[in-house]
Protein chains: 2
Amino acid sequence: MSIRIGIMGYGNLGRGIECAIRHNPDMELKAVFTRRPPETVRILTEGAFVYAAGEAEKHKDEIDVLILCGGSATDLPEQTPEYAKWFNVVDSFDTHARIPEHFANVDKAAKASGHVGIISVGWDPGMFSLNRLYANVILTEGRDYTFWGKGVSQGHSDAIRRIDGVKDAKQYTIPVPEALESVRKGENPDLTTRQKHTRECFVVAEEGADLERIEQEIKTMPNYFADYDTTVHFISEEELKRDHSGIPHGGFVIRSGCTGWEDEHRHVIEYSLKLDSNPEFTSSVIVAYARAAYRLHQEGISGCKTVFDIAPAYLSSFDGEYIRAHML
Amino acid sequence: MSIRIGIMGYGNLGRGIECAIRHNPDMELKAVFTRRPPETVRILTEGAFVYAAGEAEKHKDEIDVLILCGGSATDLPEQTPEYAKWFNVVDSFDTHARIPEHFANVDKAAKASGHVGIISVGWDPGMFSLNRLYANVILTEGRDYTFWGKGVSQGHSDAIRRIDGVKDAKQYTIPVPEALESVRKGENPDLTTRQKHTRECFVVAEEGADLERIEQEIKTMPNYFADYDTTVHFISEEELKRDHSGIPHGGFVIRSGCTGWEDEHRHVIEYSLKLDSNPEFTSSVIVAYARAAYRLHQEGISGCKTVFDIAPAYLSSFDGEYIRAHML
């Protein structure tokens, strides 16, 4: 019998989950829940249902794990504890500063209902976090570096779109090659924000808009751009569509540190991702953790978990004997 | 109270463990066990004891985890199940083909005595295995590549030393840059043994030895060299000591695969290590898993485990709240 998955929210991430389920034959998509009128939502999976988000509770016995695909700002802080009352849940909550609070809320709800809730699953937080942890327990003396990109930052693209006179925009975050090289060599440099990443913006302006003003507004925008070297390119709507419609991303987690009686040996651990589709990769990670949520629940475990709490074997559709023989 | 560690076998790995314990303030080295006369073995740690290997059982109540630093060919298949009768144990058993059998033996002994035995810990098997598993559960359609080096292969160096007329030798395994590049680009190439790695040998010949014969014997040696492009350099004993006395190693685990409804998006996951000291890095991994063995045993768990069975949080000296706040 396959693991029955529900998807809450059918945007880029929800569609990514649907695709990821197709790549995991031990799972099936049972239903998509949406805040839009269900009859207006077309999904790809034959035999799966589309229901109104408000109806979710009614379908709790048809679904083993509900994957929450809302945003971290307002959706997930409410949804994850709420749905943990009826379902095993997995989310990709990524507001780092609020993780302790979110963990506590989900833990309380999940323990009360006897479900498993796995939060902050994806690649950062997620695989990058795991790699920071593994690297830190091995090289206890050392320094951590995380670089993001080259990739599209949704938040930064949105910030540009809110500027007066901007019709559309795409922003790429790019690691500075020299900084990356120095870290890789184990030089343990001190890097400012500006020295780690540059930002490149492709902007479609409205006709007659003041391009110089737009460029200034972008480059001086606090938090988003002011601390970075930012390049702005004005392009046509057609060019944006043709050359910048993908959602690639990626990045690097590097720890360099030393071992030896007198710290005499140096080591560099590097984990990197090069992703054509950020939401589809994130989804693929989430679906593996949905399998773990299902299994932990089967074992009678409940409460909130993160990637740190899940033994890797729970993620695989293969059994221990197989993975020991083939991957160890 | 700190975790009390014992080391069985005081070669390169045993010394690496001793150094790694010094980097982990929640642990202390209690004793080193050796097959040599204990009074001839000098260790670095003040206050730790050196005992004869045969005396280990007597000290079982003084040690929380015994780390087995013997070889995989003959030592560990006997030692790990044997010492699991009295201790929680961790080893770095690396004969891939015999892991299932070793697992079964250790599992039986550890379950019978109520101890935890973690086998095959290090970087390959170990961190590389973990990365193969994580990458496979995420990208279910894809291909795996493992490259080793640049680094010293002890086995290959030993094989050269056994040739008549060879006084000493060091062998480096080197990934072929073009192969690595193609894999990184996600081209999923089919690679022969020869296309993945080259071998470089630094050989000190005995005076008057037939260098041409030695070179031929190396290059045509079945299993070890015949399937590779091998370069042989004859150098002096001084040069070998001066330029090749380190034990560096490293390598790359790469999986490239696709996602999307029609497999339309490509992703590359890469994990790499650049290590000044192979045994010290291996030791640092082992010591983190010794902490896990201790904790699992405290929780009443017993039996054989591998890196696949250990939730990452067990490896850290910090608690869940701290690692969620700082590393997630």
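Remember, it's a predicted structure, so these values are computed and weren't measured experimentally. The chains referred to below are lettered A, B, ... by the order of the sequence lines, with proteins before strands, and numbering in each begins at 1.
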Salt bridge (Lys or Arg N to Asp or Glu O under 4.0 Å) partners of B/D107, counting only residues at least two apart
B/K111

Counting only non-hydrogen atoms closer than 4.5 Å, does A/F103 touch chain B with its backbone (N, CA, C, O), its side chain (CB onward), both, or neither?
side chain

Proximal component of B/I254, with respect to chain A [non-hydrogen, under 4.5 Å]:
neither

Between the main-chain N or O of A/G260 and the side-chain N or O of B/E280, is there a donor-acceptor pair closer than 3.5 Å?
yes

Row check, A/F308 ring normal vs B/R324 NZ/CZ: under 6.0 Å, within 45°:
no

Sort A/I99 into side chain, backbone, both or neither according to what part of it lies under 4.5 angstrom from a heavy atom of chain B.
side chain

According to side-chain contact (heavy atoms from CB on, under 4.5 Å), who are the partners of B/S284, at least two apart in sequence or on a separate chain?
A/I138, A/T259, B/A20

For the residue pair A/R266 and B/K274, establish whether any side-chain heavy-atom pair is separated by less than 4.5 Å.
no

side-chain hydrogen bond (donor to acceptor under 3.5 Å, both in side chains) partners for A/Y271, two or more places apart:
none

Would you mind telling me which of A/S317, A/S277, A/P125 has the largest number of heavy-atom pairs within less than 4.5 Å of chain B?
A/S277

Using modelled atom types only, decide if a donor and an acceptor are shared between the side chain of A/R22 and the backbone of B/W261 within a distance under 3.5 Å.
yes

Any side-chain heavy atom of A/P312 within less than 4.5 Å of one from B/L130?
yes

Check whether A/F128 gets within reach of chain B through its side chain, its backbone, both or neither, counting any heavy atom under 4.5 Å.
neither

Using a 4.5 Å heavy-atom cutoff, which residues in residues 141-150 of chain A come close to chain B?
A/E141

Mind checking whether B/F281 and A/L139 have side chains closer than 4.5 Å, heavy atoms only?
yes

Using a 4.5 Å cut-off on heavy atoms from C-beta on, say whether the side chain of A/V285 contacts that of B/Y134.
no

